[in-house]
Amino acid sequence: MTSKIPVLICIDVEPDVFFVPRQDPEPWKGYELTHAYIRSWRSALQQLTGDAVHVNWFLRMDPQVALAHGRASWAVDHYRELIQEAIDAGDELGAHVHTYRWCGDSGDWLDDHGHDDWVAECLATAAEAHRPASGRRAVRCASAITGAERRPSIGRKPWDSVSI
């Protein structure tokens, strides 16, 4: 008898560059290509294993996305058909958060995870944008916020699960 080994697949859906231009930001080509690849990969893996294959998509919905694209939920709105395809396949949607803050003086982005109030605002922006955009409550959040797990002022709310 062969035992099954569970595999968790998490994909961050985000801009192709870290420092997104505030004027005329580009579509997220990396996501477009990844989604197409996962579509064919999923089909092949399901045929090989005989089991359903599900993916966790973590969508960027933070102040940087809101400022560059006009709203934090831009990816869900812009890629509505791809997101619906993922939901129909039984995939999970969560939020992916960065803490980029626009610095008007320098005209550039600062990755600011040193201020708890800003980090909390970034997390709240994602939580508030997720439900109306996706029709589902985000219960998972993936983030690269250094040290957030040790900061009681940030906590885990509004998330059931935070992966840092």
Side-chain angles (χ1 to χ4, degrees), residues 3-22 24-100 109 111 113 119-145 148-149 154-164:
S3 63
K4 294 182 180 183
I5 300 172
V7 176
L8 183 63
I9 303 163
C10 300
I11 299 172
D12 293 340
V13 178
E14 59 189 336
D16 296 339
V17 297
F18 287 116
F19 303 111
V20 179
R22 290 186 58 197
D24 301 318
E26 298 289 324
W28 301 356
K29 297 290 186 189
Y31 168 58
E32 295 170 11
L33 294 170
T34 300
H35 194 98
Y37 176 79
I38 291 296
R39 182 185 302 125
S40 63
W41 173 84
R42 179 195 317 261
S43 177
L45 193 58
Q46 286 177 166
Q47 286 180 349
L48 182 67
T49 65
D51 286 328
V53 173
H54 303 291
V55 176
N56 297 284
W57 301 94
F58 290 93
L59 310 164
R60 279 283 302 278
M61 294 185 177
D62 53 41
Q64 183 190 41
V65 172
L67 193 56
H69 291 280
R71 60 198 174 286
S73 62
W74 179 86
V76 174
D77 300 334
H78 187 78
Y79 294 111
R80 173 92 30 215
E81 290 178 17
L82 296 180
I83 298 299
Q84 189 59 54
E85 182 181 317
I87 291 169
D88 292 347
D91 292 352
E92 184 67 42
L93 301 179
H96 178 55
V97 179
H98 282 257
T99 56
Y100 291 115
W109 296 102
D111 192 2
H113 40 82
V119 172
E121 181 178 333
C122 292
L123 291 168
T125 297
E128 290 167 14
H130 196 280
R131 183 190 293 268
S134 68
R136 301 161 67 161
R137 179 175 168 266
V139 295
R140 290 178 186 38
C141 176
S143 180
I145 302 170
E149 70 280 5
I154 296 171
R156 293 190 176 275
K157 295 298 177 193
W159 309 100
D160 293 338
S161 171
V162 177
S163 171
I164 298 174

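For the numbers below, each heavy atom of this structure counts, side chains included, while hydrogens, waters and symmetry mates do not.
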- Message: Restricting to ring-ring contact (aromatic ring centres under 6.0 Å, His included), what partner residues turn up for Trp74, sequence neighbours left out?
- Response: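 Trp74 satisfies ring-ring contact (aromatic ring centres under 6.0 Å, His included) with Trp28, His69, His78, Tyr79 only.
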
- Task: Decide yes or no on side chain to side chain contact (heavy atoms under 4.5 Å, CB included) for Ile83 and Leu59, but give the supporting numbers first.
- Result: CA-CA 10 Å; Ile83 298 299; Leu59 310 164; 3.8 Å; yes

- Got a sec, which pairs hit salt bridge (charged side-chain N to carboxylate O under 4.0 Å, His left out) with one end in residues 65-74, sequence neighbours left out?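 Listed once each, the pairs are Arg71-Asp77.
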
Quick check: closest heavy atoms across [X] and [Y], and the distance to 0.1 Å?
| X | Y | result |
| --- | --- | --- |
| Arg60 | Pro15 | NH1-CD, 3.7 Å |
| Ala72 | Val65 | O-CG1, 3.7 Å |
| His54 | Arg42 | CA-NH1, 3.9 Å |
| Pro25 | Ala68 | CG-O, 3.0 Å |
| His35 | Ala86 | CE1-CB, 4.2 Å |

- Message: If the test is side chain to side chain donor-acceptor pair (under 3.5 Å), which one of His113, Glu14, Gln64 qualifies with His98?
- Response: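 Looking at His113, Glu14, Gln64, the match for His98 under the side chain to side chain donor-acceptor pair (under 3.5 Å) is Glu14.
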
- Task: Walk me through it: do Thr99 and Asp111 pass the test side-chain hydrogen bond (donor to acceptor under 3.5 Å, both in side chains)?
- Result: CA-CA 5 Å; Thr99 56; Asp111 192 2; 2.7 Å; yes

- Item | Stepwise side chain to side chain contact (heavy atoms under 4.5 Å, CB included) check, Gln84 with Leu82 | CA-CA 5 Å; Gln84 189 59 54; Leu82 296 180; over 6 Å; no

Say whether, by atom type as modelled, one donor and one acceptor occur between the side chain of [X] and the main chain of [Y] under 3.5 angstrom.
| X | Y | value |
| --- | --- | --- |
| Ser43 | Ser40 | no |
| Asp91 | Val55 | yes |
| Asn56 | Glu92 | no |

- Message: Under the rule for side-chain contact (heavy atoms from CB on, under 4.5 Å), what residues qualify as partners of Leu33, not counting sequence neighbours?
- Response: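 Testing Leu33 for side-chain contact (heavy atoms from CB on, under 4.5 Å), a comparison that skips the adjacent residues, returns none.
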
- Query: For Lys29, which residues count as a side-chain contact (heavy atoms from CB on, under 4.5 Å) partner, sequence neighbours excluded?
  - Reply: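 side-chain contact (heavy atoms from CB on, under 4.5 Å) check on Lys29 returns Asp16, Glu32.
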
- Message: Apply side chain to side chain contact (heavy atoms under 4.5 Å, CB included) to residues Val53 and Trp41 and explain how you reach the verdict.
- Response: CA-CA 9 Å; Val53 173; Trp41 173 84; 3.7 Å; yes

- Would you check if Leu93 and His130 make a side-chain contact, meaning some heavy-atom pair closer than 4.5 Å?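 Yes, their side chains come closer than 4.5 Å.
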
- Non-hydrogen side-chain atoms of Pro63 and Tyr100 separated by less than 4.5 Å: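 Answer no - side chains too far apart.
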
- Message: Among residues at least two apart in sequence or on other chains, which ones pass side-chain hydrogen bond (donor to acceptor under 3.5 Å, both in side chains) with Asp24?
- Response: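 Residues passing side-chain hydrogen bond (donor to acceptor under 3.5 Å, both in side chains) with Asp24: none at all.
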
- Query: Can you name the side-chain hydrogen bond (donor to acceptor under 3.5 Å, both in side chains) partners of Glu26, sequence neighbours left out?
  - Reply: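 With sequence neighbours excluded, Glu26 shows a side-chain hydrogen bond (donor to acceptor under 3.5 Å, both in side chains) to no residue whatsoever.
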
- Message: Distance check, rounded to the nearest 0.5 Å: Glu128 atom CD versus Ser73 atom OG?
- Response: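 Result: 11.5 Å between the selected atoms.
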
- Given the side-chain rings of His96 and Trp57, with only the six-membered ring counted for Trp, is the space between their centroids under 6.0 Å?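 Ring-ring flag for His96/Trp57: false, centres at least 6.0 Å apart.
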
- Residues Leu67, Arg22; criterion side chain to side chain contact (heavy atoms under 4.5 Å, CB included); working and verdict: CA-CA 7 Å; Leu67 193 56; Arg22 290 186 58 197; 3.6 Å; yes

